[in-house]
Undergrad: 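My questions will all concern the structure given below.
Side chains included, hydrogens not; waters and symmetry mates left out as well; all remaining heavy atoms used.
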Amino acid sequence: MEKISYYTEEGFKKLLNDLHLLKTKERAHVAQQLSDAREKGDLSENAEYDAAKEAQEILENKINQLEQVLSQARVLASASYF
């Protein structure tokens with residue numbers, strides 16, 4: 001069952017901006033952490049690599065959750081009072 005959530009235009013734009021930030025800046029940051037950890041050698045005993053992989057998983061979960069929220073979001077029409 002789909003759970004519809006209602007947002008102001010400002011709130012909806014904030015969610016879109018948050019998603020954009022996660023997909024661009026945060027993904028790039030985690031990718032750099034993974035790359036740096038890989039350069040340190042043996043991945044089987046590399047705690048830094050394990051931490052970066054966990055950070056990547058958490059980030060992807062956040063992205064998926066936010067995409068789900070946005071797919072069920074509706075923007076409220078702004079009311080004008082004159």
Undergrad: Should Leu16 and Leu22 be counted in the same cluster of Ile, Leu, Val, Met, Phe, Trp and Tyr side chains packed under 4.5 Å apart?
TA: yes
Undergrad: Identify the heavy atoms of Glu48 and Ala37 that sit nearest to each other, and give their distance.
TA: C-CB, 3.9 Å
Undergrad: Salt bridge or not between Lys14 and Glu10? Use side-chain N to carboxylate O under 4.0 Å.
TA: no
Undergrad: Apply side chain to side chain contact (heavy atoms under 4.5 Å, CB included) to residues Glu26 and Ile63 and explain how you reach the verdict.
TA: CA-CA 10 Å; Glu26 293 300 320; Ile63 289 170; over 6 Å; no
Undergrad: Hey, which of Gln32, Arg38, Gln33 is the one that makes side chain to side chain donor-acceptor pair (under 3.5 Å) with Asp36?
TA: Gln32
Undergrad: Grab the two heavy atoms, one from Lys3 and one from Gln72, that are nearest each other, plus how far apart they are.
TA: O-OE1, 2.9 Å
Undergrad: For Ala52 and Leu34, work out which heavy atoms get closest and say how close.
TA: CB-CD2, 3.6 Å
Undergrad: Is Val69 reachable from Val75 through a run of I, L, V, M, F, W or Y residues, each pair having side-chain heavy atoms under 4.5 Å apart?
TA: yes
Undergrad: For the CG atom of Asn64 and the CG atom of Leu59, what is their distance to the nearest 0.5 Å?
TA: 9.5 Å
Undergrad: Main chain of Gln68, side chain of Ser71: is a donor-acceptor contact present, judged purely on distance under 3.5 Å?
TA: yes
Undergrad: For side-chain hydrogen bond (donor to acceptor under 3.5 Å, both in side chains), just list the numbers for Gln65 and Lys62, CA-CA rounded to whole Å, side-chain angles, deciding distance to a tenth of an Å, and then say yes or no.
TA: CA-CA 5 Å; Gln65 288 173 351; Lys62 284 182 184 179; over 6 Å; no
Undergrad: Please name the pair of heavy atoms, one in Phe12 and one in Tyr7, separated by the smallest distance, quoted to 0.1 Å.
TA: N-CB, 3.9 Å
Undergrad: Take Lys25 and His20 through the side chain to side chain contact (heavy atoms under 4.5 Å, CB included) test and state the conclusion after the steps.
TA: CA-CA 8 Å; Lys25 193 173 189 177; His20 178 73; over 6 Å; no
Undergrad: How long is the span from the CD atom in Glu67 to the CD atom in Glu60, to the nearest 0.5 Å?
TA: 8.5 Å
